[in-house]
Amino acid sequence: MSDFSEELKGPVTDDEEVETSVLSGAGMHFPWLQTYVETVAIGGKRRKDFAQTTSACLSFIQEALLKHQWQQAAEYMYSYFQTLEDSDSYKRQAAPEIIWKLGSQILFYHPKSNMESFNTFADRMKNIGVMNYLKISLQHALYLLHHGMLKDAKRNLSEAETWRHGENTSSREILINLIQAYKGLLQYYTWSEKKMELSKLDKDDYAYNAVAQDVFNHSWKTSANISALIKIPGVWDPFVKSYVEMLEFYGDRDGAQEVLTNYAYDEKFPSNPNAHIYLYNFLKRQKAPRSKLISVLKMGSSSCRKTRALTDSTLW
């Protein structure tokens, strides 16, 4: 991990070079911090100094991030990697996740960062923080999606989906379902493209049956990956919308209505006004009675008030 800051640092001029101190985000010099770093490097005999060093580094990193000083944050990260060797087992186990969150934030915004440096960092952190492998893999995939690299994101999710380490827990199960669901969204994207291609073909066209079969195959894969997640209480708007669109496309209106009704009314799910909007729009497309539409809108309004009240209570 020592090349993390080296990849981001630009060439250092004579005026910028500081041999016996560490720069803060405000440009101040802290010789004592460098002394602690050197003490740890010599043998790590002073645990108190070690703790103070890593604590100071973390504070400086957080300050630099708040001020969008990405270069300073990258330099402090170089010293913060020491936490991976902390004598405190709890801090040592927590270190990979903290380093990943801070490092990925720096690499995302640093002007000299690039796709290769981010991918290298992510792959290394997966191997170091195996307990966070699934979480890092998911966030890595989202980063790739943000940059339009759909194939790489899908490959990343597929690798994470088959990864096995440690005990099966409820949180791990949810992560697996989330990874599969995002993989399903990528398959949904392909399905949408294929569906558009199909709509442009005449049924008598020689390619129609092949494209229709391709559309069906992608819808089956998408449904399999998304259906498990949307049964777990949570807010899954994009997944529910994609799943329902496919059910409607294949004429399973009863199945689509059941999904939307459960999503809107199941008390195990958090209050979500969008869920009632999706149900209302679906029923409107099905030309449901006016009384039923009004009932859904009233429930949606009630859900909106609950959500606002919950938000206000959280803020205060």
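- Ser295 places no side-chain N or O within donor-acceptor distance of the main-chain N or O of Ser291, the cut-off being under 3.5 Å.
- Side-chain atoms of His110 come within 3.5 Å of backbone N or O of Lys112 as a donor-acceptor pair.
- Taking the salt bridge (Lys or Arg N to Asp or Glu O under 4.0 Å) definition, one finds that Asp123 meets it with Lys126, sequence neighbours left out.
- A donor-acceptor contact shorter than 3.5 Å links the side chain of Gln82 to the backbone of Ser79.
- Asn132 places none of its side-chain heavy atoms less than 4.5 Å from the side chain of Trp100.
- Remark: Glu85 does not engage Arg92 in a salt bridge, criterion side-chain N to carboxylate O under 4.0 Å.
- Within the 3.5 Å criterion, the main-chain N or O of Asn114 finds a donor-acceptor partner in the side chain of Ser117.
- Residues Arg172 and Lys135 form no side-chain contact, since every pair of their non-hydrogen atoms from C-beta on lies 4.5 Å or further apart.
- Relative orientation of the Trp191 and Tyr250 rings is tilted, given thresholds of 30° and 60° on the angle between their planes.
- Taking the salt bridge (Lys or Arg N to Asp or Glu O under 4.0 Å) definition, one finds that Asp266 meets it with Lys268, sequence neighbours left out.
- At distances below 3.5 Å, not a single donor-acceptor pair connects side-chain atoms of His68 with backbone N or O atoms of Ala64.
- Between Tyr133 and Trp163, the angle of the ring planes stays under 30°, which puts this pair in the parallel group of the 30/60° scheme.
- Considering only heavy atoms from C-beta on, Ile179 stays 4.5 Å or farther from Asn225 through its side chain.
- Inspection of the Asn119 and Asp152 side chains reveals no N or O donor paired with an N or O acceptor under 3.5 Å.
- Looking at heavy atoms from C-beta onward, Leu229 lies out of side-chain contact with Gln180 at the 4.5 angstrom threshold.
- Between Tyr143 and Phe118, the ring centre distance stays below 6.0 Å.
- Between Trp236 and Tyr263, the ring centre distance reaches or exceeds 6.0 Å.
- Contact of the Tyr243 side chain with the Ile230 side chain is registered, since non-hydrogen atoms from C-beta on lie closer than 4.5 Å.
- Residues Val235 and Asn274 form no side-chain contact, since every pair of their non-hydrogen atoms from C-beta on lies 4.5 Å or further apart.
- Remark: Glu193 pairs with no residue by the salt bridge (Lys or Arg N to Asp or Glu O under 4.0 Å) rule, at least two apart or across chains.
- Under the 4.5 Å side-chain criterion, counting only non-hydrogen atoms from C-beta, Ser242 is in contact with Leu185.
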Could you walk me through whether Gln213 and Asn217 pass the side-chain hydrogen bond (donor to acceptor under 3.5 Å, both in side chains) check? CA-CA 6 Å; Gln213 185 60 45; Asn217 290 340; 3.0 Å; yes
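- Contact of the Phe249 side chain with the Ser219 side chain is not registered, since no non-hydrogen atoms from C-beta on lie closer than 4.5 Å.
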